[in-house]
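Chain A is the first sequence line, chain B the second, and so forth, proteins listed ahead of strands; every chain is numbered from 1.
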Amino acid sequence: KAGVTQTPRYLIKTRGQQVTLSCSPISGHRSVSWYQQTPGQGLQFLFEYFSETQRNKGNFPGRFSGRQFSNSRSEMNVSTLELGDSALYLCATALGSGGPDTQYFGPGTRLTVL
Amino acid sequence: AQKVTQAQTEISVVEKEDVTLDCVYETRDTTYYLFWYKQPPSGELVFLIRRNSFDEQNEISGRYSWNFQKSTSSFNFTITASQVVDSAVYFCALSGGYGGSQGNLIFGKGTKLSVKP
């Protein structure tokens with residue numbers, strides 16, 4: 001079974017630009033969560049999508065948004081990039097069925113904002 | 001509020017030593033899940049174990065073992081006879097026990113383990 005894939009793996013942007021990251025889940029997984037990892041703040045939850053609806057949201061500004069498509073693939077968008085947005089962005093997918101669940105992570109997208 | 005504390009920031013051991021990584025959690029939920037993930041230098045988080053709040057049995061998987069104690073809100077991870085390939089950052093995480101609440105993992109800050117030959 002193929003794992004979680006994220007594209008692109010590396011991205012360099014400048015302040016003020018916007019960026020879109022993509023995540024394709026493991027087959028059968030309907031829940032997609034996004035996390036930001038920085039040396040200072042560690043791993044922080046951004047949001048979770050299930051059946052094309054945002055089910056949970058972390059404490060991030062509105063510049064961070066996401067969506068999920070009918071095939072469960074998800075994208076997250078960051079608008080008006082700031083230097084502090086430089087981070088590893090990890091996507092995790094799970095069955096999302098409501099029973100005991102485990103999130104499986106992709107390799108991440110490393111975003112550098114100059 | 002939910003919280004996970006990994007007090008050990010870095011640990012360095014010599015190959016074949018046993019090492020225990022500590023994890024203490026806080027939650028008001030009666031049903032919850034605890035996890036350990038490994039993050040090698042490549043960056044991808046690798047799932048190691050999930051434990052639910054009603055199952056306090058310790059678990060052993062090869063050289064890895066986990067000790068869950070609800071009385072002390074701890075979920076510690078021991079590597080026996082460590083190997084260089086065990087070098088990584090290890091994260092303990094907590095989630096709620098119901099459908100939507102499982103989609104939000106609360107992570108500790110991680111423990112960087114270095115195993116020297």
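- Annotation for B/K112: atom NZ does not count as buried by contact number, only 12 or fewer foreign heavy atoms lying within 6.0 Å.
- Atom-to-atom distance recorded for A/T102:OG1 and B/L48:CG is 11.0 Å, nearest 0.5 angstrom.
- Of all non-hydrogen atoms in A/D101 and B/F35, the two that sit nearest each other are O-CZ, 3.6 Å.
- In this structure, A/L43 and B/I106 have side chains that are not in contact, with every pair of non-hydrogen atoms separated by 4.5 Å or more.
- Contact of A/Q37 with chain B is made through the side chain alone, with heavy-atom distances under 4.5 Å.
- With rounding to the nearest 0.5 angstrom, the CG atom of A/L90 is 8.0 Å from the CZ atom of B/F107.
- One finds the CG atom of B/N104 at 11.0 Å from the CD atom of A/Q44 (value rounded to the nearest 0.5 Å).
- Other residues, nucleotides and ligands place more than 12 heavy atoms under 6.0 Å from the CZ atom of B/F54.
- Within the 4.5 Å cutoff, side-chain heavy atoms of A/Q103 are placed close to those of B/L105.
- Comparing A/G106, A/S31, A/G108, A/G42 by how many heavy-atom pairs each has under 4.5 Å with chain B, the most go to A/G106.
- Surrounding CG of A/N59 are at most 12 heavy atoms belonging to other residues, nucleotides or ligands under 6.0 Å away.
- Using a 4.5 Å cut-off between heavy atoms, A/Y35 contacts chain B through its side chain alone, with no backbone atom that close.
- Counted within 6.0 Å of CZ on A/R15, heavy atoms from surrounding residues, nucleotides or ligands total 12 or fewer; the atom is thus considered open.
- Around NZ of B/K16, the count of heavy atoms belonging to other residues, nucleotides or ligands within 6.0 Å does not exceed 12.
- There is no path of hydrophobic side-chain contacts, each under 4.5 Å, that joins B/Y25 to A/F45.
- Rounding to the nearest 0.5 Å places OH of A/Y104 at 7.5 Å from OH of B/Y37.
- Hydrophobic clustering (ILVMFWY, side-chain heavy atoms < 4.5 Å, transitive): A/F105 and A/Y49 are in distinct clusters.
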